[in-house]
Amino acid sequence: MANVPELFGSMVFNDRKMEERLPHATYKALKRTIKNGDPLDLSVANGVANAMKEWAVEMGCTHYTHWFQPMTGVTAEKHDSFIYPASDGQVIMEFSGKELIKGEPDASSFPSGGIRATFEARGYTTWDPTSPAFIRDKTLYIPTAFCSYTGEVLDKKTPLLRSMEKLSSVAVDVLHLLGKEDVTRVTTTVGPEQEYFLIDKEMYDKRPDLIYTGRTLFGAPAPKGQELEDHYFGSIKTRVAAFMNDLDEELWKLGVMAKTKHNEVAPSQHELAPIFATSNIATDHNELTMEVMKKTAEKHGLVCLLHEKPFAGVNGSGKHNNWSISTNTGENLLDPGKTPENNLQFQLFLAAIVKAVHEYQDLLRLTVASAGNDHRLGANEAPPAIISMYLGDDLGALVDSIVNGTEYRSSGKVEMLTGVDVLPDFKKDTSDRNRTSPFAFTGNKFEFRALGSSLNIACPNYMLNTMVADELAGFYDELKDADDLEAAMKALIRKTLTEHKNIIFNGDNYSDEWVAEAERRGLCNFRSMPEAMSHYIDKKNVDLFVRNGIVSEAEIHARYEIELEHYSKEIRIEALTMIDMAEKNITPAVIGFVNRLADAALAKKALSPAISVYAETTLAQELSEKLEAFVKKTDELKAAVYGAAAYTEVLSLAMYYREKVFALMGELRTIGDDMEKKTSAEAWPYPSYGEILFGV
Ligand code: ADP
Ligand code: MG
């Protein structure tokens, strides 16, 4: 049995270790940087580097790496050993402040969206002292931000850190205006709930589609799916439980507060939720969690799938981004308190968020857009592609009363009577959960529920922080010279909520009526990734980021290009994989099976013309017809992939892939799956959905 408190953070150079190992003045200076964002000087960095190295070497490390989050969508690392030549020809283990602060990976092989030519290959990684270093596989990992030689941001982490700073500074201004002089810093917190699939490694190895693309491109449904609703919260199978225990321990060692685990809706699907942390640490931890999930699965003969839709016909995987804002004095700014109707500070922050989500709904939509997530949004398993907010009964009523100038009445906490003596009665929450809303208020935080499972949460969070910071800054300007602050606040809150209440929707987001209603309200409904992404470079969005110093116009254009290019490449890989599977395995397998049927029929007839060959001939006939359609469709898909060469501009290329190539892939799949249903299991070249999903 693990001693959890002892295990927790044992692989992290955390606050306790820093205090123990750093000279006092160095520790104090570092803390000032971490807490207040004060600049850090080289002598402090030298002290920290030395202490980090001593600890890492004691723990058996030989190497260190700057760990960063380029635009590829996965983390990157380049390992350097600590060795340093000594005068006697031997080596000593050394690590300087300079090496801690700055790394120089070759940036030319990371996506930059045409921001640099390859000859300007230099890039820098810069230590992020607010996220602690940790050890994995005998290597000291140092969380860093990544930029080009000329200073352009090339990663996901830097905009997040900037947006946190920005939100902090404007929120502090606002709070000072409200008399909270003791607040010096405001931080955003995130708790990401992570969904994933676990399947048997042997099955995985037989599926090129899973290997190349992370999802199955063919596969007829199994006789059973998720309709019995018996997997959600179901008891966890032994093999999966062993994986989960191992995963928890690995994460705890890395200082990740893994808290909740359970089976999810689809067969073989599960979820892990940590206790929330500051946004940038939550981001690092979520990236780590996904990596550790994959590695831990391997140890158990399993594969962890983080694709948004690995299997058609059953739910895919998402991520819920629980987000809140709190002060260094320990106040959660999204906590309405007992009397929200009198809590003008809360109302002001709420109004800023409502306005931000309404004005920048397109950004929230496009930040969760990806080839994988296109399968989920609007497919009745995740929120629709329309962004709206759910406030619940109480806050909904409060907003109505503010807008209409009527009196607010809270439903109050209701006693929940279980009616059974041995069961304790309890107070139930006043607002029920609305599981269909993309952006739901849940007591003292918002839950952004439209994220795909593999997404780096830095992106939605920097967008969210930036748009809210921008609205708060606007509020501050309007309020700062007010003679009667209270009256001015009330007027501003009322005006804002009246103008932006159209983004609030408390009903069923999965219903067709909502799609029509949202259109009447003028809300965006971008159905595909390219359609959503095309709005990244809209003037109002570019202005938002530039105005707040988060990313420059050139950087936004680069990001836009990278995302769209990535999308086109993903669809292309999927199409090529399908063609490969079709031509090399599926078509030959069906031909072989039809041959066997024909041989069997001929043999029977030779034996006696009176024997029925009905089964063989009907099936051979049916499969031959399907096969003809299948082969023709494969050729059509192939031609469509070649046809992409005609498009050079990123958006039209992505649109082409979506409208032409992706559509044909769906048609090819339908025929393939039909053939699978009719072909003998032993002749079919790939493990079936039943074997994959119900095998574990
Ligand atoms: P549910 O599945 O009902 O949404 P969970 O308990 O699985 O709830 O997840 C809720 C998540 O919200 C957890 O990760 C939790 O730590 C996080 N959370 C709670 N309070 C905050 C907060 N103030 N800021 C950010 N995240 C929070
Ligand atoms: Mg949730």
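Whatever order the structure lists ligands and atoms in, that order sets their numbers, starting from 1.
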Asks: Identify whether the distance between the nearest side-chain nitrogen and carboxylate oxygen of Lys31 and Asp15 falls below 4.0 Å.
Replies: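 A salt bridge is present here (some side-chain N lies under 4.0 Å from a carboxylate O).
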Asks: Quick check: does Pro274 get an N/O under 3.5 Å from an N/O on ligand 1?
Replies: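 Yes: some nitrogen or oxygen of Pro274 is under 3.5 Å from one in ligand 1.
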Asks: With atom 25 (C) of ligand 1 as the reference point, say which of Asn321, Asn444, Asn322 has the nearest heavy atom.
Replies: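 The nearest heavy atom belongs to Asn322.
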Asks: Should the pair Lys253-Glu250 be classified as a salt bridge under the 4.0 Å nitrogen-to-oxygen rule?
Replies: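 Answer for the salt bridge query: yes.
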Asks: Could you tell me whether Thr189 and ligand 1 have an N or O pair separated by under 3.5 Å?
Replies: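 N/O-N/O distance under 3.5 Å: yes.
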Asks: What's the spacing between Met244 CE and Leu251 CG if we round to 0.5 Å?
Replies: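 Met244 atom CE to Leu251 atom CG measures 12.0 Å (nearest 0.5 Å).
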Asks: Which of the atoms of ligand 1 are close to Asn332, meaning less than 4.0 Å from one of its heavy atoms?
Replies: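 Atoms satisfying the 4.0 Å criterion: 23 (N).
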Asks: Which of the numbered atoms in ligand 1 are under 4.0 angstrom from any heavy atom belonging to Ile275?
Replies: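 Result: 16 (O).
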Asks: Can you tell me if NZ on Lys261 sees more than 12 non-hydrogen neighbours from other groups inside 6.0 Å?
Replies: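 Enclosed.
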Asks: As an exercise, identify every atom of ligand 1 less than 4.0 angstrom from a heavy atom of Glu447.
Replies: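 Within the 4.0 Å cut-off of Glu447, ligand 1 contributes 4 (O).
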Asks: Using distance alone, decide if ligand 1 has a nitrogen or oxygen within less than 3.5 Å of any nitrogen or oxygen in Phe276.
Replies: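 Yes, at least one N or O pair falls under 3.5 Å.
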Asks: In terms of side-chain geometry, is the basic nitrogen of Glu308 or Arg376 positioned less than 4.0 Å from the acidic oxygen of its partner?
Replies: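 No.
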Asks: Roughly how far, to the nearest 0.5 Å, is the NZ atom of Lys156 from the OG1 atom of Thr75?
Replies: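 One gets 11.0 Å once the value is rounded to the nearest 0.5 Å.
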Asks: Quick one: list whatever passes ring pair (Phe, Tyr, Trp, His ring centres under 6.0 Å) with Phe545, sequence neighbours left out.
Replies: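 Partners of Phe545 under the ring pair (Phe, Tyr, Trp, His ring centres under 6.0 Å) test: Tyr462.
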Asks: Return a yes/no value for Lys445: is any of its N or O atoms, backbone included, closer than 3.5 angstrom to an N or O of ligand 1?
Replies: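 It does not: no N or O of Lys445 is found under 3.5 Å from an N or O of ligand 1.
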Asks: With the threshold set at under 4.0 angstrom, would you say Glu193 reaches ligand 1 through any of its heavy atoms?
Replies: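 Yes; Glu193 lies near enough to ligand 1 that a heavy-atom distance drops under 4.0 Å.
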